[in-house]
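Structure first, then comments.
We use all heavy atoms of the structure for the numbers below, so side chains are in, but hydrogens, waters and symmetry mates are not. All figures in this text were calculated on a predicted structure; none of them were measured in a lab.
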Amino acid sequence: MLWNTCHPPELVRPTLENTLKVLQLDYVDLYIIELPMAFKPGDAFYPKDENGKWMYHETDLCATWEALEACKDAGLTKSIGVSNFNHRQLEMILNKPGLKYKPVSNQIECHPYFTQPKLLEFCREHGIVIVGYSPLGTSRDETWVNVSSPPLLEDPVLNAIGEKYNKTAAQVALRFSVQREVVVIPKSFNPDRIRENFQIFDFSLTEKEMKEIEALNKNIRYVEMLM
């Protein structure tokens with residue numbers, strides 16, 4: 001991923017080349033712009049001033065995108081995409097004069113409490129794959145998570161549907177996303193849970209169950225962009 005301090009076009013290729021060197025790879029399959037906002041370039045990952053305020057940097061997303069296109073042309077990445085882009089920011093890229101490659105994917109928070117139907121529909125219409133992070137909600141780390149939000153996996157609807165299929169609430173939540181054509185990237189360090197996360201292709205949710213889960217939407221973000 002291209003981090004927020006590396007948006008200036010002249011920094012894009014060197015940043016990717018350094019990543020490839022660290023990973024000991026010739027290319028990556030997908031390289032994405034992590035956020036549609038920029039921090040002040042430099043060594044600090046999260047640059048702040050003497051008052052503890054974020055140090056932002058003016059960014060031209062179209063110029064940054066052109067630099068990613070050049071990386072693709074150079075064979076440093078097979079595909080290029082974005083993350084945390086909204087409808088307007090995606091349109092900015094799609095409507096860019098001389099666009100060579102549109103984003104193949106948009107990685108966003110997406111789960112039963114934050115279903116993002118309008119953004120999903122927009123991406124479908126333009127052939128952009130939605131990659132959903134935090135598809136199970138997320139950890140309860142208050143340093144970066146909105147812990148006032150109810151834990152997704154304790155939801156009674158998800159658990160009731162899970163009992164019907166002898167599945168966990170997590171498996172139901174993942175199956176819900178997959179049936180909406182959302183690519184899911186659940187995170188776990190537990191081997192048993194990792195295996196469970198793959199065991200979602202031996203059952204399907206009915207149209208009624210899909211609508212019941214869609215109705216759970218609360219427009220809740222667990223991952224708050226507090227910057």
Side-chain angles (χ1 to χ4, degrees), residues 30 32 34-36 81-91 103-226:
L30 175 64
I32 64 175
E34 174 68 10
L35 284 166
V82 297
S83 180
N84 297 299
F85 274 48
N86 61 27
H87 175 284
R88 181 184 61 81
Q89 292 152 349
L90 286 170
E91 281 194 324
V104 299
S105 62
N106 184 20
Q107 183 174 300
I108 59 173
E109 181 174 349
C110 192
H111 47 73
Y113 283 177
F114 195 45
T115 55
Q116 305 229 52
K118 292 183 179 179
L119 186 54
L120 260 67
E121 183 60 28
F122 177 84
C123 287
R124 287 194 191 105
E125 290 175 354
H126 291 84
I128 299 172
V129 175
I130 288 288
V131 179
Y133 64 78
S134 299
L136 305 177
T138 188
S139 69
R140 310 302 286 178
D141 186 343
E142 62 183 16
T143 61
W144 61 279
V145 173
N146 178 6
V147 294
S148 66
S149 301
L152 175 65
L153 300 184
E154 294 180 7
D155 187 90
V157 173
L158 296 179
N159 281 278
I161 294 174
E163 288 181 10
K164 173 185 173 182
Y165 295 104
N166 194 28
K167 296 291 182 179
T168 65
Q171 290 170 316
V172 172
L174 293 176
R175 182 67 203 185
F176 167 73
S177 290
V178 167
Q179 285 188 213
R180 300 176 79 216
E181 300 180 344
V182 173
V183 176
V184 290
I185 47 174
K187 178 181 178 180
S188 178
F189 297 101
N190 184 304
D192 291 334
R193 288 177 181 165
I194 292 172
R195 278 190 290 271
E196 281 185 355
N197 290 341
F198 281 102
Q199 295 167 352
I200 61 171
F201 300 103
D202 55 353
F203 77 108
S204 295
L205 299 171
T206 66
E207 184 178 347
K208 178 176 179 292
E209 289 164 343
M210 289 292 291
K211 289 181 178 179
E212 287 176 352
I213 298 174
E214 286 172 358
L216 299 177
N217 181 45
K218 305 177 189 296
N219 287 323
I220 285 176
R221 285 185 186 271
Y222 284 104
V223 183
E224 295 188 314
M225 304 295 177
L226 302 176

Checking Ile213 against Leu158 for the side chain to side chain contact (heavy atoms under 4.5 Å, CB included) test, could you report, in this order, the C-alpha distance in whole Å, the side-chain angles of both residues, the deciding distance, and whether it holds? CA-CA 7 Å; Ile213 298 174; Leu158 296 179; 4.1 Å; yes
Straight-line distance of [X] [atom1] to [Y] [atom2], nearest 0.5 Å:
{"X": "His111", "Y": "Lys218", "atom1": "NE2", "atom2": "NZ", "result": "11.5 Å"}
{"X": "Gln107", "Y": "Ile185", "atom1": "CD", "atom2": "CD1", "result": "4.0 Å"}
{"X": "Arg221", "Y": "Ile108", "atom1": "CZ", "atom2": "CD1", "result": "8.0 Å"}
{"X": "Leu119", "Y": "Leu90", "atom1": "CG", "atom2": "CG", "result": "6.5 Å"}
{"X": "Arg195", "Y": "Asn190", "atom1": "CZ", "atom2": "CG", "result": "8.5 Å"}
{"X": "Asn84", "Y": "Ile32", "atom1": "CG", "atom2": "CD1", "result": "8.0 Å"}

Where do [X] and [Y] come nearest, in terms of heavy atoms and distance?
{"X": "Pro135", "Y": "Val184", "answer": "CB-CG1, 3.9 Å"}
{"X": "Pro36", "Y": "Ser83", "answer": "CD-O, 3.8 Å"}
{"X": "Val178", "Y": "Phe201", "answer": "CG1-CE2, 4.2 Å"}
{"X": "Gly81", "Y": "Leu30", "answer": "N-CD1, 3.8 Å"}
{"X": "Ile220", "Y": "Glu109", "answer": "O-OE2, 4.0 Å"}
{"X": "Pro112", "Y": "Leu152", "answer": "CD-CD2, 3.8 Å"}

For Phe176 and Glu214: C-alpha separation, side-chain torsions, deciding distance, then whether side chain to side chain contact (heavy atoms under 4.5 Å, CB included) applies. CA-CA 9 Å; Phe176 167 73; Glu214 286 172 358; 3.6 Å; yes
Within 6.0 Å of CG in Asp202, more than 12 heavy atoms from elsewhere: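 Yes, enclosed.
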CD (Glu125) with more than 12 external heavy atoms under 6.0 Å: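 More than 12 heavy atoms, drawn from other residues, nucleotides or ligands, come within 6.0 Å of this atom.
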Leu120 vs Arg180, test: side chain to side chain contact (heavy atoms under 4.5 Å, CB included). Steps then yes/no. CA-CA 9 Å; Leu120 260 67; Arg180 300 176 79 216; 3.5 Å; yes
Parallel under 30°, tilted from 30 to 60°, perpendicular over 60°: which one fits the rings of Tyr222 and Tyr113?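 Tyr222 vs Tyr113 ring planes: parallel.
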Assess, by modelled atom type and distance only, whether the side chains of Gln171 and Arg175 contain a donor and an acceptor separated by less than 3.5 Å.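 On atom types as modelled, these side chains do not qualify, holding no pair under 3.5 Å.
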For a side chain to side chain contact (heavy atoms under 4.5 Å, CB included) check, start with the C-alpha distance between Lys118 and His87, then their side-chain angles and the critical distance, and finish with the verdict. CA-CA 9 Å; Lys118 292 183 179 179; His87 175 284; over 6 Å; no
Thinking salt bridges, do Arg193 and Glu196 make one under a 4.0 Å N-O criterion?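 Result for this pair is no, no salt bridge flagged.
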Sub-4.5 Å side-chain heavy-atom contact between Leu174 and Leu136: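 In contact.
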Polar side-chain atom of Asn159 near backbone of Leu153 as donor-acceptor pair, under 3.5 Å: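 Checking the backbone N and O of Leu153 against the side chain of Asn159, a donor-acceptor pair under 3.5 Å is found.
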Does Lys187 use its side chain to pair, donor to acceptor, with the backbone of Tyr133 at less than 3.5 Å?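 No: the side chain of Lys187 does not pair with the backbone of Tyr133.
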